[in-house]
Amino acid sequence: MNKWFAFLLLSSVLLLSACSDTNDLVGKTFDVAYVPVLEEDIDSPDRYSSILTLEFLNENTITSPVYGEGTYELTDDNLVLFYENENESLEITIGVAESDKDFSEYYALINDLDYQITDSDKISHFQNLAFKLDKDRPIEFIKD
């Protein structure tokens, strides 16, 4: 009887954990920053060059003090950020992995970047970010 109860309890826990769509990013804020070029600066978080601050509000919404609200999708080892307004859109695909730094949660590389603008005569909100992003430079998601 005890074996069946233990088996049933374990099965229930596994089923519930498989069905729950939890996201480790929800409620967290990160300073997304480029890794310093100089080797001696790599272990100093204040030497990292900040790109933006991201706050993960819920299962699909992010916010940034500079770029406003957007959405995100986390699948396997990719984080896709979406920003959009009536004149432009920006989609950033970032490959993420656990960081080996104590002050950082994720190590990342930009895999793809898609910036679209419909009217270049209008003010751009995301163009600066799109031009700031470099696919060849490593990034750390520094815990805020």
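One-based numbering along the sequence shown.
Other members of a hydrophobic cluster containing Phe131 are absent, since no ILVMFWY side chain comes under 4.5 Å of it, directly or through relayed contacts. Tyr107 belongs to a hydrophobic cluster whose remaining members, ordered by chain and number, are Leu109; membership requires side-chain heavy atoms of ILVMFWY residues under 4.5 Å apart, directly or through intermediates.
For residues 127-138, no pair satisfies side-chain hydrogen bond (donor to acceptor under 3.5 Å, both in side chains), with sequence neighbours left out. Screening residues 41-53 for salt bridge (charged side-chain N to carboxylate O under 4.0 Å, His left out), with sequence neighbours left out, gives Asp41-Arg47, Asp43-Lys101.
Ser120 pairs by the side-chain contact (heavy atoms from CB on, under 4.5 Å) definition with nothing, not counting sequence neighbours. Residues that satisfy the side-chain contact (heavy atoms from CB on, under 4.5 Å) test with Thr53, not counting sequence neighbours, are Thr29, Asp31, Pro65. Scored by the side-chain contact (heavy atoms from CB on, under 4.5 Å) test, Ala108 finds Ile94, Val96, Ile139, Phe141 as partners (sequence neighbours excluded). Annotation: side-chain contact (heavy atoms from CB on, under 4.5 Å) contacts of Pro45 (sequence neighbours excluded): Phe103. Partners of Asp144 according to the salt bridge (Lys or Arg N to Asp or Glu O under 4.0 Å) rule, which considers only residues two or more places apart in sequence or in another chain, do not exist here. For Gln116, the side chain to side chain donor-acceptor pair (under 3.5 Å) partners are Asp114, not counting sequence neighbours. Residues satisfying the salt bridge (Lys or Arg N to Asp or Glu O under 4.0 Å) test with Lys28, not counting sequence neighbours, are Glu105.
The only member of Leu133, Leu90, Leu129 that meets side-chain contact (heavy atoms from CB on, under 4.5 Å) when paired with Tyr115 is Leu90.
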Without placing hydrogens or testing angles, list every side-chain donor-acceptor pair under 3.5 Å for residues 80-87, not counting sequence neighbours.
| unit_1 | atom_1 | unit_2 | atom_2 | d |
| --- | --- | --- | --- | --- |
| Asn85 | OD1 | Asn87 | N | 2.8 |
| Asn85 | OD1 | Glu88 | N | 2.8 |
| Asn85 | ND2 | Glu88 | OE2 | 3.1 |
| Asn87 | OD1 | Thr118 | OG1 | 2.7 |
| Asn87 | OD1 | Asp119 | N | 2.8 |
| Asn87 | ND2 | Asp119 | O | 3.1 |

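At a threshold of 4.5 Å between non-hydrogen side-chain atoms, the residues Tyr48 and Ile42 count as touching. In this structure, the side chains of Pro138 and Tyr34 stay at 4.5 Å or more apart for every pair of heavy atoms.
One hydrophobic cluster, built from ILVMFWY side chains closer than 4.5 Å, holds both Ile110 and Phe126. There is no path of hydrophobic side-chain contacts, each under 4.5 Å, that joins Val66 to Leu57. Cluster annotation: Leu74 is connected to Ile92 through the hydrophobic network of ILVMFWY side chains, with a link wherever side-chain heavy atoms come within less than 4.5 Å.
In the displayed structure, Glu40 atom CD is contacted under 6.0 Å by more than 12 heavy atoms of other residues, nucleotides or ligands.
In terms of heavy-atom proximity, Lys143 sits nearest to Asp102 at NZ-O, 3.4 Å. Of all the heavy atoms in Leu79 and Tyr72, the pair that sits closest is CD1-CD1, 3.7 Å. Counting all heavy atoms, side chain and backbone alike, Ile117 lies closest to Ser124 at CD1-CB, 4.2 Å.
If you take CG on Asp121 and CD1 on Ile123, they are separated by 11.5 Å, rounding to the nearest 0.5 Å. Going from atom OG1 of Thr71 over to atom CG of Asn58 covers 10.0 Å, rounded to the nearest 0.5 Å. Rounding to the nearest 0.5 angstrom, the gap separating the OG atom in Ser44 from the CG atom in Leu38 is 11.0 Å.
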Item to check | Chi angles and distances behind the side-chain contact (heavy atoms from CB on, under 4.5 Å) call for Leu54, Leu25 | outcome: CA-CA 10 Å; Leu54 285 178; Leu25 298 175; over 6 Å; no
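With hydrogens and angles disregarded, no donor-acceptor distance shorter than 3.5 Å links the side chain of Tyr106 to the backbone of Ile142.
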